[in-house]
There are 4 protein chains.
Amino acid sequence: MSRPLDKKELIRKAAIQVISRQGYYYATTDQIAEEAGVAVGTIYNYFRSKEEILEHIFKVEVDKRFRYYEGLVNQNLPALEKLQRLLTMHFAEVLREPQVGQIMVRERLSPEDQQLPGIRGFLQGVPSRLQTILEEAVAKGEIRPCDTEIVAAALFGSIEAVVSKAVFAQDQNKQKEFLQNAARELMDLYVRGLENR
Amino acid sequence: MSRPLDKKELIRKAAIQVISRQGYYYATTDQIAEEAGVAVGTIYNYFRSKEEILEHIFKVEVDKRFRYYEGLVNQNLPALEKLQRLLTMHFAEVLREPQVGQIMVRERLSPEDQQLPGIRGFLQGVPSRLQTILEEAVAKGEIRPCDTEIVAAALFGSIEAVVSKAVFAQDQNKQKEFLQNAARELMDLYVRGLENR
Amino acid sequence: MSRPLDKKELIRKAAIQVISRQGYYYATTDQIAEEAGVAVGTIYNYFRSKEEILEHIFKVEVDKRFRYYEGLVNQNLPALEKLQRLLTMHFAEVLREPQVGQIMVRERLSPEDQQLPGIRGFLQGVPSRLQTILEEAVAKGEIRPCDTEIVAAALFGSIEAVVSKAVFAQDQNKQKEFLQNAARELMDLYVRGLENR
Amino acid sequence: MSRPLDKKELIRKAAIQVISRQGYYYATTDQIAEEAGVAVGTIYNYFRSKEEILEHIFKVEVDKRFRYYEGLVNQNLPALEKLQRLLTMHFAEVLREPQVGQIMVRERLSPEDQQLPGIRGFLQGVPSRLQTILEEAVAKGEIRPCDTEIVAAALFGSIEAVVSKAVFAQDQNKQKEFLQNAARELMDLYVRGLENR
DNA sequence: AATGAATGAGGGTTCATTCAT
DNA sequence: AATGAATGAACCCTCATTCAT
């Protein structure tokens with residue numbers, strides 16, 4: 001009894017290993033297959049192309065974040081609390097699978113022509129959701145008026161930079177500590193920076 | 001009268017066009033040669049490999065920043081003023097050659113194995129210099145104590161994200177306005193966020 | 001109650017659809033299976049290989065012609081009448097299943113190494129039977145002496161060319177008219193061309 | 001001093017060897033390169049794809065025929081004489097390069113979708129030119145009225161069948177004799193068949 | 001008999017790099 | 001220094017065939 005989904009998962013996991021190690025362009029389908037313990041052909045029973053694997057990796061992560069976001073957005077919470085939780089959740093996920101984090105910070109940018117929809121979803125969806133929360137916070141008077149588009153972009157960049165730093169650090173123990181401190185420090189920074197005085 | 005350096009510059013400029021348009025991996029040496037109006041072979045009289053072209057592009061930019069930084073660091077100025085000037089200078093440069101900006105935000109991350117020294121210089125040098133300034137600011141009491149490593153990384157990320165947003169925007173007029181607003185907004189954000197109250 | 005033979009027929013019919021549409025080399029076993037509404041594996045319960053399907057398609061048609069020919073050959077008829085009937089029968093069959101006609105004109109030639117026995121049977125059997133009839137006609141004085149080998153080949157070629165033209169024509173109504181005219185025209189041409197004056 | 005045309009010719013010739021031996025689909029670019037004594041990559045400096053090689057092979061032959069046809073068409077000759085000369089020229093060419101003949105009879109038919117323009121030129125151009133000559137002959141009263149479209153197709157088919165027979169014959173001496181006889185026999189056949197009595 | 005996921009050899013094509021001119 | 005044709009390793013992907021269920 002072979003459950004296809006398991007095999008697709010297997011390949012996704014293998015691809016994460018190889019792509020995080022070598023980068024997308026230097027990762028070969030043969031390597032991914034070998035890492036997964038399947039034949040190359042098998043990959044193509046689950047993905048139409050190498051690109052689609054990368055897209056799927058992004059999609060899984062993006063869906064996870066967006067589902068969490070959806071569950072959060074309509075709750076009766078201070079906007080800043082929502083932001084805090086999102087950030088914490090994101091960092092926790094990165095910590096759980098640092099290699100996925102590596103891939104996401106590394107491979108998200110490619111020329112518009114070959115930009116994968118799944119990646120666009122990440123690149124546009126995340127900041128726009130951050131912006132939505134910021135606007136709510138401004139409306140509620142939790143933070144001062146500001147250019148929410150710029151601040152959202154800056155926040156997104158801060159987060160990715162911190163993830164990048166964590167994720168490319170050798171020591172796995174420091175990773176955890178670093179990310180926990182970073183979450184606090186970032187919230188602190190942005191809360192103060194946006195505070196309504 | 002074309003001196004070798006001129007030709008190297010010619011190739012660098014052509015490479016910037018092509019790489020910013022297609023991305024490093026999809027940019028071919030043939031295309032770069034054609035854009036430069038020289039033969040492929042000529043490229044290899046000035047660069048040892050395709051990688052070295054990318055590295056050179058980074059190096060030119062990094063040197064520019066670091067030279068500016070060196071001229072700044074020993075001046076008798078408030079640390080925050082130094083930060084402000086650095087940031088302004090950086091954004092002005094990006095505005096002057098947005099395509100270089102594109103390349104820098106896009107190609108800076110690649111697997112460690114292939115990481116070019118020139119890129120590492122950018123990736124580690126810039127945040128570490130930001131960190132130095134932040135430490136000076138803390139020491140002088142201009143800003144509150146904080147984890148300068150994290151804040152420097154966050155600041156670097158914010159800057160790159162804003163550049164990224166500007167640089168991938170279609171409208172060139174908005175680019176300018178956006179980057180000017182962004183410089184002010186970012187400084188505002190970080191100054192408030194780090195302010196000693 | 002589906003007897004194995006039914007399924008083999010099912011696959012043969014499906015293969016005819018797909019191969020006539022795409023050509024033998026571009027027709028995949030998956031497509032044939034899908035068209036037949038069976039699994040790929042099932043094909044291999046009835047055919048040893050993809051080639052054998054093509055061979056079978058030819059064999060069915062060739063057998064049909066040869067059986068008709070056998071019933072004709074010993075009858076007491078003018079040789080030219082036999083030729084006429086063969087030709088009429090062939091065109092009627094093509095009209096009944098134009099796609100088989102397409103396959104036969106298209107796929108009959110392949111390198112000797114891979115030449116399938118079933119195709120050889122068609123390629124050599126048909127002209128040699130035409131030649132036999134022509135020789136009979138010469139012997140009976142119905143037609144003038146001629147190089148029957150060449151004339152048989154020419155006749156075979158004429159027929160295939162006309163079939164090809166009919167079969168690749170879009171309009172199905174014209175097909176019928178065209179083939180009927182062609183049968184008459186061809187007989188006319190060859191009867192006059194070979195007539196004993 | 002390397003003249004590109006020579007190299008393109010070299011590859012064309014090699015491709016003719018390999019394709020006539022194995023058939024287009026079983027001929028690999030590696031084999032063609034080896035036969036030509038060049039690297040695979042070199043092929044792609046002269047042809048955009050494997051298909052384009054086949055197309056080029058056809059084009060060269062078709063151009064040869066069409067050029068000859070153009071030189072013939074406006075001469076003050078009986079139409080049947082023109083036909084005769086065309087046929088003789090064609091058979092002489094086939095005799096000179098039987099392998100090209102093999103390729104032309106073998107690879108000319110493939111599904112419309114992937115039909116190469118160069119092949120279409122052959123498949124439509126030749127019969128339509130034959131038809132033009134036949135119409136002229138009818139107009140001049142050299143031959144009886146007939147359906148020139150069908151007769152042209154039949155003639156084309158006859159020629160190709162004869163070529164096919166010659167070209168797949170082992171013995172090279174017989175080839176010559178056979179084709180010479182065939183030219184005479186075919187003209188005889190069609191002249192009688194179309195004669196105005 | 002029927003299934004269809006798994007297989008992996010093999011194919012067409014690309015492109016950074018070289019080197020004779 | 002400049003050229004650009006030649007190179008060939010390496011890549012992504014296909015698809016006929018198999019075999020455990």
Side-chain angles (χ1 to χ4, degrees), chain A residues 1-4 6-8 11 25-34 36-53, chain B residues 2-4 7-8 11 25-34 36-53, chain C residues 2-4 7-8 11 25-34 36-53, chain D residues 1-4 6-8 11 25-34 36-53:
Chain A
M1 174 205 48
S2 72
R3 280 173 303 169
D6 289 350
K7 188 76 44 104
K8 189 168 186 177
I11 293 167
Y25 294 103
Y26 293 120
T28 71
T29 48
D30 279 357
Q31 287 171 323
I32 294 173
E34 196 188 335
V38 301
V40 224
T42 302
I43 292 178
Y44 289 85
N45 289 336
Y46 296 93
F47 298 94
R48 254 193 296 278
S49 65
K50 188 187 163 193
E51 268 196 346
E52 220 187 68
I53 304 176
Chain B
S2 73
R3 283 170 310 153
K7 190 139 300 174
K8 189 168 186 178
I11 294 168
Y25 294 104
Y26 293 120
T28 69
T29 48
D30 278 354
Q31 287 173 320
I32 294 172
E34 196 190 335
V38 301
V40 228
T42 303
I43 292 179
Y44 286 83
N45 288 333
Y46 297 93
F47 298 95
R48 251 194 300 277
S49 67
K50 189 186 164 193
E51 272 195 342
E52 220 186 67
I53 304 176
Chain C
S2 73
R3 283 169 310 153
K7 191 142 298 179
K8 187 168 187 177
I11 293 168
Y25 293 103
Y26 293 121
T28 69
T29 48
D30 279 354
Q31 287 172 320
I32 295 172
E34 195 190 335
V38 302
V40 228
T42 304
I43 293 180
Y44 286 83
N45 288 334
Y46 296 93
F47 298 94
R48 251 195 300 276
S49 68
K50 188 187 165 192
E51 272 197 341
E52 220 185 67
I53 305 177
Chain D
M1 175 204 48
S2 73
R3 280 173 302 167
D6 288 350
K7 190 76 44 103
K8 189 168 186 178
I11 293 168
Y25 294 103
Y26 293 120
T28 70
T29 48
D30 279 357
Q31 287 172 322
I32 294 173
E34 196 188 336
V38 301
V40 227
T42 302
I43 292 179
Y44 288 86
N45 288 338
Y46 295 94
F47 297 94
R48 254 193 297 278
S49 67
K50 187 187 165 193
E51 267 197 345
E52 220 187 66
I53 305 177

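Reminder, nothing fancy here: chain letters follow the sequence lines and each chain counts from 1.
- Residues forming a side chain to side chain contact (heavy atoms under 4.5 Å, CB included) with Asn45(A) (at least two apart in sequence, or on another chain): none.
- In this structure, the CG atom of Asp30(D) is 14 Å from the P atom of dA10(F), given to the nearest Å.
- Here dA16(F) presents its P atom at 18 Å from CZ of Arg48(C), a figure rounded to the nearest Å.
- Rounded to an integer number of Å, the gap from CZ of Phe47(D) to C1' of dT14(E) is 18 Å.
- Atom-to-atom distance recorded for Ile43(C):CD1 and Ile53(C):CD1 is 5.0 Å, nearest 0.5 angstrom.
- Taking atom OH of residue Tyr25(C) and atom C1' of nucleotide dC15(F), one finds them 15 Å apart after rounding to whole Å.
- To the nearest angstrom, C1' of dC15(E) lies 15 Å from CD of Glu34(B).
- Heavy-atom distances under 4.0 Å link DNA chain F to Val38(B), Ala39(B), Val40(B), Gly41(B), Thr42(B) of residues 37-44 of chain B, given in residue order.
- For Tyr26(A) and dA9(F), the OH to C1' distance is 15 Å, given to the nearest whole Å.
- Within the nucleic acid shown, Ala36(A) has no heavy atom closer than 4.0 Å to any nucleic acid atom.
- The separation between Ile32(D) atom CD1 and dG11(E) atom P is 12 Å, rounded to whole Å.
- Under the side chain to side chain donor-acceptor pair (under 3.5 Å) criterion, Ser49(B) pairs with no residue at all, not counting sequence neighbours.
- In this structure Phe47(C) satisfies the ring-ring contact (aromatic ring centres under 6.0 Å, His included) test together with His56(C), sequence neighbours excluded.
- For Lys50(A), no side-chain nitrogen or oxygen approaches OP1 or OP2 of dC11(F) to under 4.0 Å.
- Residue Thr29(C) has a polar side-chain atom (N or O) positioned under 4.0 Å from OP1 or OP2 of dA16(F).
- In this structure, OG1 in Thr29(C) is found 9.0 Å from CD in Gln31(C), a value given to the nearest 0.5 Å.
- Closest heavy-atom contact between Ala33(B) and Ala39(B): CB-C, 3.9 Å.
- Among the protein residues, Thr28(B) comes within range of the sugar-phosphate backbone only, with heavy atoms under 4.0 Å from sugar or phosphate atoms but none that close to a base.
- When rounded to the nearest whole Å, the span between CD1 of Ile11(C) and P of dT17(F) equals 14 Å.
- Remark on DNA chain E: of its neighbouring residues Asn45(A) and Ser49(B), the 5'-side contact belongs to Asn45(A), judged by nearest-heavy-atom nucleotide.
- For dA6(E), the OP1/OP2 oxygens have a side-chain nitrogen or oxygen of Tyr46(A) closer than 4.0 Å.
- Applying the salt bridge (charged side-chain N to carboxylate O under 4.0 Å, His left out) test to every pair with at least one member in residues 44-53 of chain A, sequence neighbours left out, gives these pairs: Arg48(A)-Glu52(A).
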So what does the secondary structure string of DNA chain F come out as, 5' to 3', with Watson-Crick or wobble pairs under 3.5 angstrom, [ ] for crossing and | for pairs with another strand?
.||||||||||||||||||||
